[in-house]
Amino acid sequence: GASVTAPRLTYAMAERGDFPRAFGAVHPRFRTPHVSIVLWAVLVLVLALYGSFIWNAILSVAARLVTYAASCVALIQLRRRNPEADVWRAPAGNFLAVLGIVLCALLASRLTITHATIMAVVAAVATANWLAVRGR
């Protein structure tokens, strides 16, 4: 499923200026983000050849842990910044967010050094990208 959605995500990010412009290229005939599709396919091929299905599934879960933990941190921050917001609030939301962060950290601590290294490289590339595009 990610082979269909991920290139569209990188295309949309490039279109907004949050990713290198090359990812925003659209094929003149097929009107698809062909650069994003090809680069994503190459990345998936490399990961498939380098690791097993289980190995890649673990990397996928590790990436989701980062997203889930960031969402929990965002909930706490949003509640702190705007405590009087006129929105529905889950009971014990801050407690559940902290519990989610702890659970994500616990699960992330079970990564092998190889998985942790790859996640660190991805984080470094993402940080470099953010630093490069934040001024636009």
Side-chain angles (χ1 to χ4, degrees):
S3 63
V4 175
T5 59
R8 272 51 177 194
L9 177 63
T10 56
Y11 163 75
M13 290 175 68
E15 199 173 51
R16 289 189 47 190
D18 294 333
F19 220 58
R21 290 175 205 236
F23 287 85
V26 176
H27 193 278
R29 179 174 172 208
F30 301 111
R31 307 298 302 155
T32 56
H34 64 291
V35 174
S36 287
I37 292 170
V38 168
L39 292 176
W40 183 258
V42 168
L43 175 65
V44 169
L45 177 65
V46 168
L47 289 173
L49 292 175
Y50 182 74
S52 66
F53 174 78
I54 297 296
W55 189 86
N56 285 310
I58 290 170
L59 282 178
S60 175
V61 168
R64 280 173 177 69
L65 288 175
V66 172
T67 303
Y68 297 156
S71 297
C72 291
V73 170
L75 171 74
I76 295 168
Q77 283 297 99
L78 288 171
R79 282 185 169 200
R80 185 174 296 143
R81 284 187 186 162
N82 198 357
E84 301 303 319
D86 188 23
V87 295
W88 180 82
R89 292 180 181 267
N94 285 340
F95 170 75
L96 293 174
V98 170
L99 184 64
I101 293 167
V102 169
L103 183 60
C104 288
L106 178 66
L107 291 172
S109 72
R110 306 290 298 162
L111 293 174
T112 66
I113 191 69
T114 305
H115 294 121
T117 302
I118 289 173
M119 291 300 294
V121 168
V122 169
V125 169
T127 301
N129 178 70
W130 177 77
L131 290 170
V133 302
R134 72 182 174 153
R136 289 189 220 163

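Residues: numbered from 1 along the sequence shown.
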When clusters are formed by joining ILVMFWY residues with side-chain heavy atoms under 4.5 Å apart, either directly or through shared neighbours, do [X] and [Y] land in the same one?
| X | Y | value |
| --- | --- | --- |
| V44 | Y50 | yes |
| M13 | V35 | yes |
| F53 | L111 | yes |

For the student: nearest non-hydrogen atoms of [X] and [Y], plus distance:
| X | Y | answer |
| --- | --- | --- |
| P20 | A14 | O-CB, 3.3 Å |
| C72 | G100 | SG-CA, 4.1 Å |
| L96 | P91 | CD1-O, 3.9 Å |

[X] side, atom [atom1]; [Y] side, atom [atom2] - distance, nearest 0.5 Å:
| X | Y | atom1 | atom2 | value |
| --- | --- | --- | --- | --- |
| F23 | L9 | CZ | CG | 11.0 Å |
| H34 | L39 | NE2 | CG | 9.5 Å |
| I113 | I118 | CD1 | CD1 | 11.0 Å |
| S60 | L65 | OG | CG | 9.5 Å |
| L45 | L49 | CG | CG | 4.5 Å |
| L75 | R80 | CG | CZ | 10.5 Å |

Judged by atom type as modelled, is there a donor-acceptor pair below 3.5 Å linking the side chain of D18 to the main-chain atoms of W130?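 Such a contact is absent between D18 side chain and W130 backbone.
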Is a side-chain N or O of R8 found less than 3.5 angstrom from the main chain of S36, in a donor-acceptor match? no
Take F19 and V133, measure what side-chain contact (heavy atoms from CB on, under 4.5 Å) needs, and give me the verdict at the end. CA-CA 7 Å; F19 220 58; V133 302; over 6 Å; no
From CA spacing to verdict: side-chain contact (heavy atoms from CB on, under 4.5 Å), L99, L103: CA-CA 6 Å; L99 184 64; L103 183 60; 5.7 Å; no
Tell me whether the rings of H27 and F30 are parallel (<30°), tilted (30 to 60°) or perpendicular (>60°). tilted
Does CZ belonging to R89 count more than 12 external heavy atoms closer than 6.0 Å? yes
Is atom CG of L106 surrounded by more than 12 heavy atoms (other residues, nucleotides or ligands) closer than 6.0 Å?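 Check passes, neighbour count above 12.
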Keeping to residues at least two apart or across chains, list the side-chain hydrogen bond (donor to acceptor under 3.5 Å, both in side chains) pairs with something in residues 108-119.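 Checked against side-chain hydrogen bond (donor to acceptor under 3.5 Å, both in side chains) - neighbours excluded - the pairs reaching residues 108-119 are W55-H115, T112-H115.
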